[in-house]
Amino acid sequence: MHATQPTKKTKQKNEIRSSATSLELRLPGEVEGAREALLAAPLGGFIEAVNCHKGDKVKQGTPLVRVDSSTYYADLARVQAEHNQAEADLTRSKQLKDTIPRAELEAAETRYLAVEASLKSAQIRATRSVLRAPFSGTIADIDVERGEVASPGAPLVRLVQLDPVKVTLSVPDRDVVALKQGLAVEVTSGASGQVFQGQIAHISPAADPKTRAFEVDVSVANKERHLLPGMIANVLVKDSVTQQGIVLPQGIVVTRLKENGVFVIEGRKAHWRTLKLGRVIGDQIVVDEGLKEGEVIATTGQRNLVRGRRIVIARKGKCCQAGRIFFEESK
């Protein structure tokens with residue numbers, strides 16, 4: 001509806017109608033492994049064995065590559081022997097503590113502690129000389145052969161988890177606020193005519209500073225390996241926001257310092273009404289509390305209205321079906 005103030009400034013007002021509202025977004029994304037790791041030998045050394053091939057499915061803890069293991073385990077055996085001797089010397093010194101100088105007992109304790117630290121260090125080096133799968137997955141790439149010498153920290157094996165996979169989306173701010181973790185989605189790919197069922201697993205709490213978009217991860221079961229890392233996928237997000245409720249265009253709502261609301265027209269006067277707002281769907285917003293069906297609100301020039309100001313109706317319409325206003329000329 002249009003409403004005109006005594007100053008001849010035209011206003012519009014609309015009678016509130018409840019309607020069903022749903023969210024539907026189609027977003028492109030890239031398929032990635034749910035987990036991915038580049039495995040490297042932190043200490044480097046001679047490649048003694050490569051126990052896997054590209055495409056192999058491996059379980060968590062499976063030894064994949066041995067890097068100078070013989071050297072590190074030999075060093076571990078030597079330090080273990082020194083530790084055993086230091087422990088025996090300390091035990092003997094404690095038994096003879098009343099008959100030997102105190103300095104000798106302290107020396108035995110110090111040597112034992114030093115050798116114990118060396119043993120722990122040798123155990124860590126020996127353990128790290130064997131690259132093991134940190135999770136169950138598929139070998140995507142191997143960049144090493146038996147007999148080569150690996151540099152410290154050089155990536156040797158790429159391991160990915162293909163069931164499930166994740167589809168990474170870049171979602172603009174106006175759409176990300178309508179999404180929620182656990183929401184069911186449908187995923188399709190040009191490489192397969194199949195429709196995959198997935199769900200939103202993670203929504204980034206902050207936008208990418210370069211693109212101003214939010215990263216959203218969709219988890220998809222992939223038992224048959226139809227979705228592979230690097231593929232482009234399309235994600236359909238559908239959600240019934242409200243079956244029968246009040247949904248307004250965001251531009252109608254007046255934002256103030258401590259509250260949001262609209263001007264309700266009663267007796268040709270404008271009355272302020274504070275609203276409790278719910279989910280945002282694109283340029284629409286759900287009203288949880290504050291309005292009733294059949295009430296009339298101003299929709300044009302409402303930011304210039306003052307409580308109690310008298311207005312003259314110039315045009316009226318129905319608000320809102322899926323956040324849209326339908327006008328009809330006032331007779």
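Because only heavy atoms are used, hydrogens play no part in the values below, and waters and symmetry mates are left out as well, while side chains stay in.
Linking ILVMFWY side-chain heavy atoms closer than 4.5 Å, directly or via other members, places Phe214 and Val218 in a single hydrophobic cluster.
Ser118 and Glu82 form no side-chain donor-acceptor contact under 3.5 Å, judged by distance and modelled atom types alone. Between Ser121 and Arg125, the side chains place a donor N or O and an acceptor N or O closer than 3.5 Å (distance only, hydrogens not considered). Under the 3.5 Å distance criterion, with hydrogens and angles disregarded, a donor-acceptor pair is assigned to the side chains of Thr274 and Glu259.
Between the side chain of Asp208 and the main chain of Lys210, a donor-acceptor pair closer than 3.5 Å is present. Of the possible polar contacts, none joining the Thr138 side chain to the Ala140 backbone as a donor-acceptor pair under 3.5 Å is found. A side-chain donor-acceptor contact under 3.5 Å links Arg146 to the backbone of Glu48.
Heavy atoms only, all atoms of each residue included: Arg303 and Val253 are closest at NH2-O, 3.1 Å. Residues Glu293 and Ile246 come closest through the heavy atom pair N-CD1, 4.1 Å. When all heavy atoms of Val176 and Val171 are compared, the pair lying nearest together is N-CG1, 3.6 Å. Nearest heavy atoms, Ile252 versus Ala298: CG2-O, 4.3 Å. Nearest heavy atoms, Pro42 versus Pro152: O-CB, 3.4 Å.
Taking the six-membered ring where tryptophan is involved, the planes of Trp272 and Phe263 are perpendicular, since the angle between them exceeds 60° and thus also 30°.
Surrounding CD of Glu145 are at most 12 heavy atoms belonging to other residues, nucleotides or ligands under 6.0 Å away.
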